[in-house]
Amino acid sequence: MTRFLLKGLIRDHHRSLFPVIIVTAGVMTSILGYCFMHGIIDDMVRSNAKLDTGHVKVMTRAYGDISRQLPNDLAILNVGDLIGDLEGDYPHMEWTARIKFGGLIDLPDEHGETRSQGPSFGIALDLLGPNSRERDRLGLKKALVRGHLPQAPGEILISEEFANRLGADMGDLATLVSSTAHGGMAVQNFTIVGSVRFGIAPMDRNAIIANLSDVQYALDMEDSAGEVLGFFPNLIYDDKIAKKTARDFNSKIHQPEDEFSPVMLTLREQGGLGEYLDTVNSRVAIILFGFFFVMSLVLWNAGLMSGIRRYGEMGVRLAIGESKGHVYRSLLGESILIGTVGSILGTAIGLGFSYYLQEVGLDISSMTKGSNMLMANIMRAKITPASYYIGFLPGLLATLVGSAISGIRIFKRQTAQLFKELEV
Amino acid sequence: MNNGALITAENLVKQYPIGGRKFTALNDVNLTVQKGEFLGLVGPSGSGKTTLLNIIGALDYPTSGSAIVIGTDTKELSHRESARLRNEHLGFIFQTYNLLPVYTVFENVEFPLLLLGMDTEDRKKAVMGILDRVGLADRAASRPSQLSGGESQRVAVARAMVKKPKVVLADEPTANLDAENSHNVLQMMAKLNEEFQSTFIFATHDEKVIGYLRRKITLNDGRVAEDIETTPQYN
């Protein structure tokens, strides 16, 4: 009997092929949307963490209030001791100091006169420490376009785009003109040893990356840093642990009445990132729910149309002696089969497209040229374990519920009524 | 009740609610049908022929009175029991053939046997046997869309007869057929009636069908107006 019903299902494209196509398309689009949004959010979190926020960040409250202005005069003092304390109290995280600074980069000609110059945004980090993981965290090796990573004091990296604009070659001298933490003028010579491209518009526009101690020296910030960042060793953000760490640190160290007292903020607490991620997540959830809802409606409608089209068949089957329950169960069985096949196909195709978008991505660099958001120029999907089942259950349930509801109409109908419709 | 009768209707009434009023489709119908009869319910449209056929076929329930079919009061049957009664003892033939379009001729005829749970070999034998009887053994692999009207109705007859039912209910079986095909199908049914001793009950107003009947029950406004033995005009 099952084989007989299966034959009918396969041969009748209205009952099999079209619903399978609908479920496949729905599940595929849902998975692609989920993976893509997940990829974008994940990339945004990672980019922000590695370049700006860390997983937690310690700074003075005064610095934090106006951190976008890079106020190094409000930096943390005795940063070596602070990092030592943090490493002792919170060994589950890796701690590192950074300085963000702005200034003018001047490239001299052979006579010492300005050949070209431009405003730059700089990040100073521990590039030369034997145990430093900063090079890996920023993915400098991967980002390197020309030259090599700094191997000695006084060597810097410059963004490839900035280097091209300035006409800088590897080995060229570059003078940083900036202001010290005390408001004086800072002038420091560096050697450009490499160019990098991060694929993140604000960094690629005019960034320089220098060794922390060089910049501390240049800006009169010995044993001082604007920020101390904490990272989970696996580089995966854990909001619960981050919050717990920040709460503990602030309760012990932070003094609310002292604006120079260090305060620890989690990734989500910085720059409204948490609210932004929550908003994006809720929008994604709404979009996915809406999509599944519409898919259910379409499948329900398809089930109804198919049911109406099959009244004649139902009538014959009942007249021949099949029970209503058996007819109804066979309808549900068909829908489970269609939902399963459609969901498997949709999941496979959705994951295929997602994999492509994960590996190749979607280049949006033309749109992010002027952007200040730490967002990659190439948007990538991300396949997670949830991607394998997120579309499966709704695909199956939408089909089953659609058939169950439409089937009830047939089930509740008087047999004689169905029989009468045979003559229509 | 007539002892030994295959079907007995006693004081049968069927009413349908229409726009707040009740339409009486059958009004105090009494009749008995014996094994092997070849009878027709005749009368104009709306006289109650199909309603009576539906009640005998356990597809509908009487409002009052009783319909005893093969020893069972259909009013007392659950849906499942009605289905079993139809499955085991009744065969249906429709005006528009109602073959399942996605299945072959063989599979259409095989379907009632699948419901009976017959094993594969017996099924194959029974299906090919009845297709042979209706002259369609060579069309077993064809789809209904590839058949003529006459052939389709012969398949419908084969489907109704394959399980050798005690009663065959045929609702206007020749309405969509030309005269030649009508006679072919009717001759075939008369022959099967004789061979299998199945009782045939037609709902019809087609004179060609009436010409084959051995008993004619005329319905008018839901009542039995006449119930007479007739001599078939055709053989």
Side-chain angles (χ1 to χ4, degrees), chain A residues 1-20 305-334 337-338 407-424, chain B residues 14 16 25 50-51 53-55 57-61 74 77-104 106-118 120 123 143 156 159-160 162-163 165 169 171-172 175-176 203:
Chain A
M1 189 68 185
T2 307
R3 210 164 139 194
F4 182 84
L5 293 172
L6 209 60
K7 264 188 220 168
L9 182 65
I10 292 165
R11 287 178 195 167
D12 187 351
H13 291 178
H14 290 282
R15 275 157 66 190
S16 52
L17 184 64
F18 297 140
V20 163
M305 296 302 287
S306 170
I308 290 165
R309 201 175 59 84
R310 294 174 67 193
Y311 270 1
E313 179 199 329
M314 301 301 158
V316 171
R317 286 167 63 177
L318 291 170
I320 288 172
E322 197 172 350
S323 69
K324 281 182 175 181
H326 192 270
V327 173
Y328 187 64
R329 283 195 297 278
S330 74
L331 274 180
L332 296 186
E334 282 181 14
L337 191 67
I338 287 165
I408 285 171
R409 287 171 63 87
I410 297 165
F411 192 67
K412 283 190 168 172
R413 195 165 281 248
Q414 285 296 311
T415 310
Q417 189 64 24
L418 269 169
F419 189 57
K420 205 179 286 176
E421 279 156 6
L422 290 173
E423 309 301 342
V424 174
Chain B
K14 179 67 186 179
Y16 294 108
T50 300
T51 304
L53 213 60
N54 284 344
I55 290 173
L59 290 162
D60 208 349
Y61 297 102
T74 58
L77 297 176
S78 65
H79 283 301
R80 190 184 290 266
E81 288 164 339
S82 306
R84 195 179 304 138
L85 175 71
R86 289 194 295 273
N87 186 15
E88 289 174 358
H89 300 300
L90 307 180
F92 287 86
I93 297 167
F94 310 102
Q95 176 181 334
T96 49
Y97 330 131
N98 286 303
L99 302 177
L100 303 175
V102 294
Y103 294 106
T104 63
F106 181 93
E107 288 160 348
N108 266 280
V109 178
E110 182 190 28
F111 183 57
L113 303 181
L114 280 168
L115 290 174
L116 283 173
M118 193 182 277
T120 314
R123 253 184 1 243
R143 293 280 183 88
R159 182 176 62 186
V162 70
K163 58 189 177 187
L169 303 168
D171 193 2
E172 305 282 8
N176 284 5

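Protein chains get the first letters and strands the later ones, always in sequence-line order, with residue 1 at the start of each.
Within the model, atoms CG of A/Leu318 and NE2 of B/His79 stand 10.0 Å from one another, a figure rounded to the nearest 0.5 Å. The CD atom of B/Glu81 sits 11.5 Å away from atom OG of A/Ser323, with the distance rounded to the nearest 0.5 Å. Taken to the nearest 0.5 Å, the CZ atom of A/Arg3 stands 8.0 Å off from the OG1 atom of B/Thr120.
Distance alone, capped at 3.5 Å, is enough to place a donor-acceptor pair between the B/Tyr103 side chain and the A/Phe4 backbone.
For B/Arg143, the part sitting under 4.5 Å from any heavy atom of chain A is the side chain, from C-beta outward, and nothing else. For B/Glu110, the part lying near chain A is the side chain, with the backbone staying farther off; criterion is any non-hydrogen pair under 4.5 Å.
Counting heavy-atom pairs closer than 4.5 Å to chain A, the top-ranked of the candidates B/Leu115, B/Leu116, B/Leu114 is B/Leu115. Your options are B/Arg84, B/Arg159, B/Arg80, and the one with the most heavy-atom pairs under 4.5 Å with chain A is B/Arg159.
Each of B/Phe94, B/Phe111, B/Phe92 was compared with A/Val316 under the side chain to side chain contact (heavy atoms under 4.5 Å, CB included) criterion, and only B/Phe94 meets it.
With a 4.5 Å cut-off on side-chain heavy atoms, A/Arg11 and B/Thr104 count as touching. With a 4.5 Å cut-off on side-chain heavy atoms, A/Glu313 and B/Val102 do not count as touching.
Summarising the geometry of B/Arg86 relative to A/Glu322, their closest heavy-atom pair is NH2-O, 4.4 Å, with the distance given to 0.1 Å.
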